[in-house]
2 protein chains.
Amino acid sequence: MSNSLDDVVSGALGVLDTHGLEFCSMRRVASALGVQPSALYHHVPDKQTLLALMADRIVADVHAPVDGSREQRALAVCHGLRDAMLSIRDGADVVATASAFRLGASGIESDLAEVLGDRDGARTLLLYVFGHTQATQDHRLASAVGVLEADPDLDASFDRGLAIVMRGLAD
Amino acid sequence: MSNSLDDVVSGALGVLDTHGLEFCSMRRVASALGVQPSALYHHVPDKQTLLALMADRIVADVHAPVDGSREQRALAVCHGLRDAMLSIRDGADVVATASAFRLGASGIESDLAEVLGDRDGARTLLLYVFGHTQATQDHRLASAVGVLEADPDLDASFDRGLAIVMRGLAD
DNA sequence: ACCTGAACACCGTTCAAGT
DNA sequence: ACCTGAACACCGTTCAAGT
């Protein structure tokens, strides 16, 4: 059976979730799809592009709700983003790296900027969400492996930091 | 001549600055030191540890000034950190990655927490500085290579985001 | 203590050729 | 359009052995 680009992205996300970013190689993705490594290059010019497509898919369903106050809508986006990234192994690393590369050009940053009416505020909030979620996920992995003790406060810490940034944005 | 651990870290930083993180391999570092790849493992257990030592050295001279208001001292740390990371190629990536892994355990986070009297505030500020600086550096590289147009506003954008977070921290 | 030499099990990417 | 097969130029890490 022929694979489509969507199949390739799905296959890559499967490898990511079961083996982690470190082992998410073009060769592994190819073998998960039952295909030679070189076949992937028919769908994608390079690995970086594949990672960007994976990032897009991870956050694809994150949108601002239509009603609520500005603050409520912004918080919903931040929590949705965090949950989406945490829902897949190393998701935060994948999304944060891809997003750092196109700051200002991401759909979510525009969404957030529209909700808040503040481009700098949107960027600041987004960078915070990426950074904290990445740290949370790395920390969880490390404590699962046993190199660090678990920090049960990370979710509360996220909300407290979010509150700090939102307070700075209040008009 | 025998190499010390410090020599290895210096050599690695040299390779990083001239070739970038992508090409900062154990093999290249070894060859820059005039030594076989396996020799590095006498000084360092693995590449990840070497990257952490490089990160420590990049930010080694960043400290809070002794006088000034709380806000002034915190801003000085943030700017010092940003400048230190931008002073070497891919420095922000190296520092941010190493720091995400030990959130709460870094010296700068403690420094900042002491200055601000607020652990969550320190973490929030730090994540913002890492994220924005990483995006700035990636963006500059991409525009130097020509894949993105340059954004001359990135430095001003950094200060505006910093002001937002500081405002959220005001008591 | 610091290093060599050789090996192991991998990488991303290219390219001619097949269907 | 989608894929194979083979190759190129690399990786990180281990380990016995040398000085």
Side-chain angles (χ1 to χ4, degrees), chain A residues 1-56 89-90 93-94 97-98 100-101 138 141-142 145-147, chain B residues 1-56 89-90 93-94 97-98 100-101 138 141-142 145-147:
Chain A
M1 277 306 298
S2 271
N3 289 299
S4 66
L5 175 57
D6 268 13
D7 295 332
V8 171
V9 176
S10 299
L13 287 171
V15 173
L16 180 70
D17 200 39
T18 70
H19 299 285
L21 184 55
E22 189 188 356
F23 299 105
C24 189
S25 63
M26 296 299 269
R27 293 176 111 104
R28 280 223 195 204
V29 172
S31 105
L33 292 168
V35 113
Q36 293 292 322
S38 51
L40 298 182
Y41 292 85
H42 179 79
H43 301 280
V44 117
D46 51 33
K47 188 182 182 180
Q48 194 190 142
T49 302
L50 179 54
L51 285 167
L53 293 170
M54 292 161 71
D56 288 343
R89 166 121 81 131
D90 289 336
D93 280 306
V94 172
T97 302
F101 200 71
D138 288 354
L141 188 82
V145 168
V147 359
Chain B
M1 278 305 298
S2 273
N3 290 299
S4 66
L5 176 55
D6 268 12
D7 294 332
V8 172
V9 176
S10 300
L13 287 171
V15 173
L16 180 69
D17 199 39
T18 70
H19 299 285
L21 184 55
E22 189 188 356
F23 299 105
C24 190
S25 63
M26 297 297 270
R27 293 177 111 102
R28 280 222 195 204
V29 172
S31 105
L33 292 168
V35 113
Q36 293 292 321
S38 51
L40 298 182
Y41 293 86
H42 180 79
H43 301 280
V44 117
D46 51 33
K47 189 182 181 178
Q48 192 190 143
T49 302
L50 179 54
L51 284 167
L53 292 170
M54 292 162 70
D56 288 344
R89 166 121 83 129
D90 289 336
D93 280 306
V94 171
T97 302
F101 200 72
D138 289 354
L141 189 80
V145 169
V147 1

Minimum heavy-atom separation for [X] to [Y], with atom names?
X     : Y     : answer
A:F23 : A:R28 : O-CD, 3.3 Å
A:V29 : A:C24 : CG2-SG, 4.2 Å
A:A98 : A:A52 : CB-CA, 4.3 Å
B:L33 : B:D7  : CD2-O, 3.7 Å

Value for CG (B:L40) from OG (B:S25), rounded to nearest 0.5 Å, stands at 9.5 Å
Which whole number of Å gives the distance between the C1' atom of C:dA9 and that of D:dC10? 13 Å
C1' spacing across the pair C:dC2 / D:dA17, given as an integer number of angstrom: 13 Å
Passing option when B:V9 is tested against B:V44, B:L53, B:D56 for side chain to side chain contact (heavy atoms under 4.5 Å, CB included): B:L53
Per side chain to side chain contact (heavy atoms under 4.5 Å, CB included), B:R89 is matched among B:D17, B:V15, B:T18 by B:D17
On DNA chain C, check which nucleotide each of B:L40 and A:P37 is closest to and give me the residue with the more 5' one. B:L40
Extract, from 5' to 3' on DNA chain D, the first and final nucleotides lying under 4.0 angstrom from some heavy atom of chain B. D:dC11 to D:dC15
In the structure I gave you, are the side-chain heavy atoms of A:L21 and A:L51 within less than 4.5 Å of one another anywhere? yes
For B:S2, report the nucleic acid contact type (base, sugar-phosphate, nothing); a contact means any heavy atom under 4.0 Å. sugar-phosphate
Dot-bracket line, read 5' to 3' along DNA chain C, where crossing pairs take [ ] and | marks a partner on another strand, Watson-Crick or G-U under 3.5 Å: ||.|||||...|||||.||
